[in-house]
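Read the structure below first, then the notes.
Every number for a ligand or one of its atoms is a count from 1 in the order of the listing.
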Amino acid sequence: MFKADLCDLCGDCLVKCQWIEADKPQAVEWMKAMMAGQQTPVLHQCITCFACNEICPPKANPFDLIASLQEQYDVFNSKEMAKAQEEAYAFTKPLTKYPMAERLMSTCLFEKTHPHLVQGQLYELPRVTGKPYFCWMLFCHWGAESVQRKRAQELVNRLTLTGAKEIICFHDDCYAMLAKLAPKYGVEVPFNLVHFSEYVVGYLRQNRHLIKRLNIDVAYQRPCSSRHTPEKEHFVDEFFDLVGVRRVPRTYDRENAMCCAAIKLLLGNGDPVPDQEKNILDAKTSGAQAMVCLCPMCMDNMFATAQAHHMPFIFLGDIARMALGEISVPGLG
Ligand code: SF4
Ligand code: SF4
């Protein structure tokens with residue numbers, strides 16, 4: 001929720017936004033207008049990357065204000081279209097089969113859509129997947145934030161049925177939803193949450209004897225949803241240290257990360273390829289031999305552009321599998 005009382009109209013959220021052109025006076029004018037519930041060009045130019053929530057110094061959550069206005073003014077989706085999408089993603093049958101376990105991994109929809117990313121010893125534990133466990137985070141990218149808010153309780157209820165005391169979130173979005181957004185929505189989350197990167201670090205620490213250090217330089221493709229949970233970023237660094245991978249310093253990383261930009265296509269907001277090229281060339285000129293992503297959607301959306309620039313694009317879990325000797329390391333330039 002936007003915290004108007006914290007906003008001091010510094011304008012940083014819009015001035016530092018990578019997708020909106022605004023100097024400080026313009027940013028302040030637009031912020032004032034949006035705080036008064038008015039439409040501004042921001043609502044149309046924003047590609048819902050969540051960065052401004054991380055950037056805002058007093059943590060006033062400016063994206064939450066933008067998202068609520070995008071929904072109110074049907075900027076990306078009519079209410080009917082959002083409802084049709086909600087119905088398409090909803091699991092409507094009674095949930096009769098689910099594992100019971102103290103500790104399990106939720107793979108969101110990805111075990112169905114990306115089974116090749118959920119292979120090997122890292123995933124040998126009870127798992128839940130598919131529509132009943134979809135985290136609904138896609139909907140704030142569609143200008144329909146209320147849908148994810150409405151569905152948060154149902155997701156938590158289904159995960160609670162398993163009796164798990166600890167849920168490992170394969171997808172960064174699920175972690176953001178359960179660790180940050182659900183509590184913000186007033187939904188109690190009665191289990192401990194473990195981010196995938198934290199889980200992999202724990203697994204590798206317990207299996208140090210199996211690790212073959214990779215000795216490569218990579219650029220990290222930080223996903224948009226990590227804007228909600230920057231405090232767990234250190235696990236990514238610990239992971240890279242464990243497997244002998246150097247995360248090259250570059251322009252588009254950490255707080256200045258550039259999202260995969262594919263949302264532009266979803267929103268009819270222009271061609272994402274030139275932005276992806278900027279990101280990939282930044283990785284290249286910073287000395288990266290490969291780009292490593294945490295989100296399978298970044299993989300889907302940037303893979304072709306990366307390939308066109310001869311930049312291997314690798315899922316973080318697969319880097320772990322390479323270090324464990326399960327899959328081979330691609331030839332890197
Ligand atoms: S969510 Fe991203 S694109 Fe939208 S205003 Fe914030 S920083 Fe800019
Ligand atoms: S929302 Fe945050 S970053 Fe934006 S103007 Fe207000 S205080 Fe500054």
Side-chain angles (χ1 to χ4, degrees), residues 1-77 137-149 172-173 176-177 180-181 184 221-230 251-276 278-279 295 297-298 301-302:
M1 192 191 288
F2 178 60
K3 296 176 180 162
D5 54 324
L6 295 184
C7 175
D8 58 8
L9 290 170
C10 69
D12 279 4
C13 47
L14 302 182
V15 171
K16 293 185 179 174
C17 168
Q18 291 167 339
W19 311 98
I20 289 168
E21 284 289 323
D23 57 13
K24 183 169 167 145
Q26 180 66 85
V28 171
E29 184 194 319
W30 281 340
M31 279 306 292
K32 280 184 180 166
M34 290 192 292
M35 286 164 78
Q38 294 163 12
Q39 287 212 57
T40 68
V42 171
L43 303 186
H44 301 267
Q45 291 168 20
C46 167
I47 69 158
T48 68
C49 75
F50 315 141
C52 47
N53 272 10
E54 187 180 12
I55 289 166
C56 170
K59 301 293 168 227
N61 298 333
F63 174 69
D64 297 19
L65 171 66
I66 294 166
S68 70
L69 293 171
Q70 284 171 330
E71 182 156 15
Q72 182 185 329
Y73 290 111
D74 290 345
V75 169
F76 301 132
N77 246 324
M137 284 284 288
L138 191 55
F139 279 74
C140 60
H141 291 305
W142 269 332
E145 189 271 347
S146 67
V147 173
Q148 71 184 39
R149 181 182 296 263
D172 199 53
D173 285 42
M177 167 55 95
K180 279 291 166 67
L181 300 184
K184 256 180 27 181
Q221 171 57 30
R222 190 175 185 248
C224 58
S225 48
S226 284
R227 300 289 187 175
H228 291 298
T229 57
T251 302
Y252 298 123
D253 196 6
R254 304 198 186 265
E255 196 178 290
N256 197 42
M258 182 184 279
C259 77
C260 71
I263 295 297
K264 284 180 121 180
L265 280 183
L266 201 65
L267 304 178
N269 231 342
D271 181 3
V273 171
D275 302 301
Q276 294 170 345
K278 256 183 10 189
N279 191 353
C295 173
M297 298 314 295
C298 291
N301 294 318
M302 291 183 69

May I ask you to identify the nearest protein heavy atom to atom 8 (Fe) of ligand 2, giving residue, atom name and distance to one decimal place in Å?
C10 SG, 2.3 Å

Run the numbers for me: atoms of ligand 1, each under 4.0 Å from some heavy atom of F50, listed by number.
1 (S), 2 (Fe)

Listed protein N/O/S atoms, distance to atom 8 (Fe) of ligand 1 under 2.8 Å:
C17 SG

Side-chain donor/acceptor of E71 to backbone N/O of E145, under 3.5 Å
yes

Main-chain N/O of S225 paired with D173 side-chain donor or acceptor, under 3.5 Å:
no

If hydrogens are left out, which of G11, A4, P58, P62 has an atom nearest to atom 1 (S) of ligand 2, that is, the closest non-hydrogen atom?
P62

Name the orientation class of the two ring planes belonging to F50 and H228 (parallel below 30°, tilted from 30 to 60°, perpendicular beyond 60°).
tilted

Counting distance only, does the side-chain N/O of N256 pair as donor-acceptor with the main-chain N or O of T251 below 3.5 Å?
yes

Quick check: are there more than 12 heavy atoms from other residues, nucleotides or ligands sitting under 6.0 Å from NZ of K59?
yes

Would you say the side-chain atoms of E255 pair up with the backbone N or O of A51, donor to acceptor, closer than 3.5 Å?
no

Would you say N269's side chain and H44's backbone share a donor-acceptor pair under 3.5 angstrom?
yes

Starting from atom 7 (S) of ligand 2, locate the nearest protein heavy atom and write down its residue, its atom name and how far away it is, to 0.1 Å.
D8 OD1, 3.3 Å

Tell me which protein heavy atom sits closest to atom 6 (Fe) of ligand 2, plus the residue, atom name and distance to 0.1 Å.
C7 SG, 2.3 Å

Provide, to 0.1 Å, the distance between atom 2 (Fe) of ligand 2 and the closest protein heavy atom, together with that atom's residue and name.
C56 SG, 2.3 Å

Proximity of V28 to ligand 2 by residue part, where a heavy atom lies under 4.0 Å
neither

If we ignore angles and hydrogens, is there a donor and acceptor under 3.5 Å between the side chains of Q276 and N301?
no

What pairs with E54 under salt bridge (Lys or Arg N to Asp or Glu O under 4.0 Å), at least two apart in sequence or on another chain?
R222, R227

